[in-house]
Amino acid sequence: MREFRPGDRTIEILGQLHRLRFTVSNLAEIAFVFQAEDPKALAARLRKANLADWNLILQIVATPRPPVLGPDEMEAALPVLSALIAEGLRT
């Protein structure tokens, strides 16, 4: 894993540690994946995100990339993932 930076989160997924990092590049990739043309469109899309959407986002921000998570695993990861994105968007 690359060096830990302020704002990074570490989370255990299926017994393996993953670093979550939210960057401008990640934001651009998420916007592209969800075909959001502006921040309002992306925010609206994220409000309606389903399990498959959150798995895509997790794949974008996690190192190493985790396997696709089921509902129970994502339920455990979602608070950390949501906080990472919310904090990243505030800065």
Side-chain angles (χ1 to χ4, degrees):
M1 263 189 253
R2 288 176 270 158
E3 201 171 300
F4 192 84
R5 296 182 189 168
D8 285 359
R9 298 275 192 264
T10 302
I11 184 171
E12 186 175 326
I13 299 173
L14 301 174
Q16 183 177 15
L17 286 179
H18 297 266
R19 191 211 52 242
L20 305 181
R21 179 177 289 167
F22 189 71
T23 65
V24 173
S25 294
N26 293 147
L27 178 59
E29 187 174 353
I30 292 167
F32 177 79
V33 165
F34 293 118
Q35 301 176 352
E37 295 189 17
D38 59 41
K40 272 189 170 181
L42 181 57
R45 181 68 174 81
L46 291 177
R47 278 195 225 59
K48 299 176 186 175
N50 60 29
L51 179 62
D53 297 336
W54 285 112
N55 268 296
L56 283 171
I57 294 167
L58 188 59
Q59 295 295 313
I60 292 168
V61 301
T63 304
R65 298 202 189 253
V68 173
L69 301 183
D72 293 336
E73 295 89 9
M74 185 57 76
E75 184 177 354
L78 198 52
V80 176
L81 184 56
S82 297
L84 176 83
I85 292 169
E87 290 172 14
L89 291 175
R90 275 186 279 211
T91 58

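Because only heavy atoms are used, hydrogens play no part in the values below, and waters and symmetry mates are left out as well, while side chains stay in. No experiment lies behind these values; they were computed from the predicted model shown.
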Between side-chain atoms of residues 33-40 and protein atoms elsewhere (two or more places apart, or another chain), which donor-acceptor pairs fall under 3.5 Å?
from: D38; atom 1: OD1; to: K40; atom 2: N; distance (Å): 3.1
from: D38; atom 1: OD1; to: A41; atom 2: N; distance (Å): 2.7

Please list, chain by chain and in numerical order, all residues satisfying side-chain hydrogen bond (donor to acceptor under 3.5 Å, both in side chains) with T23, sequence neighbours excluded. N26
Contacts of N55 that satisfy side-chain hydrogen bond (donor to acceptor under 3.5 Å, both in side chains) - sequence neighbours left out: none
As an exercise, state the distance from [atom1] of [X] to [atom2] of [Y], rounded to the nearest 0.5 Å.
{"X": "R21", "Y": "R9", "atom1": "CZ", "atom2": "CZ", "result": "12.5 Å"}
{"X": "L27", "Y": "I85", "atom1": "CG", "atom2": "CD1", "result": "9.0 Å"}
{"X": "L58", "Y": "I13", "atom1": "CG", "atom2": "CD1", "result": "4.5 Å"}
{"X": "L20", "Y": "D8", "atom1": "CG", "atom2": "CG", "result": "8.5 Å"}
{"X": "I60", "Y": "F22", "atom1": "CD1", "atom2": "CZ", "result": "9.5 Å"}

In short, P64 meets Q16 closest at the heavy-atom pair CG-NE2, 3.5 Å
Is L14 reachable from L56 through a run of I, L, V, M, F, W or Y residues, each pair having side-chain heavy atoms under 4.5 Å apart? yes
Acceptor/donor pairs from residues 72-82 side chains to any protein atom, 3.5 angstrom cut, sequence neighbours excluded:
from: E73; atom 1: OE1; to: G70; atom 2: N; distance (Å): 2.9
from: S82; atom 1: OG; to: L78; atom 2: O; distance (Å): 2.9

Listed once per pair and sorted, the salt bridge (Lys or Arg N to Asp or Glu O under 4.0 Å) pairs that draw on residues 41-53, sequence neighbours left out: R45-D53
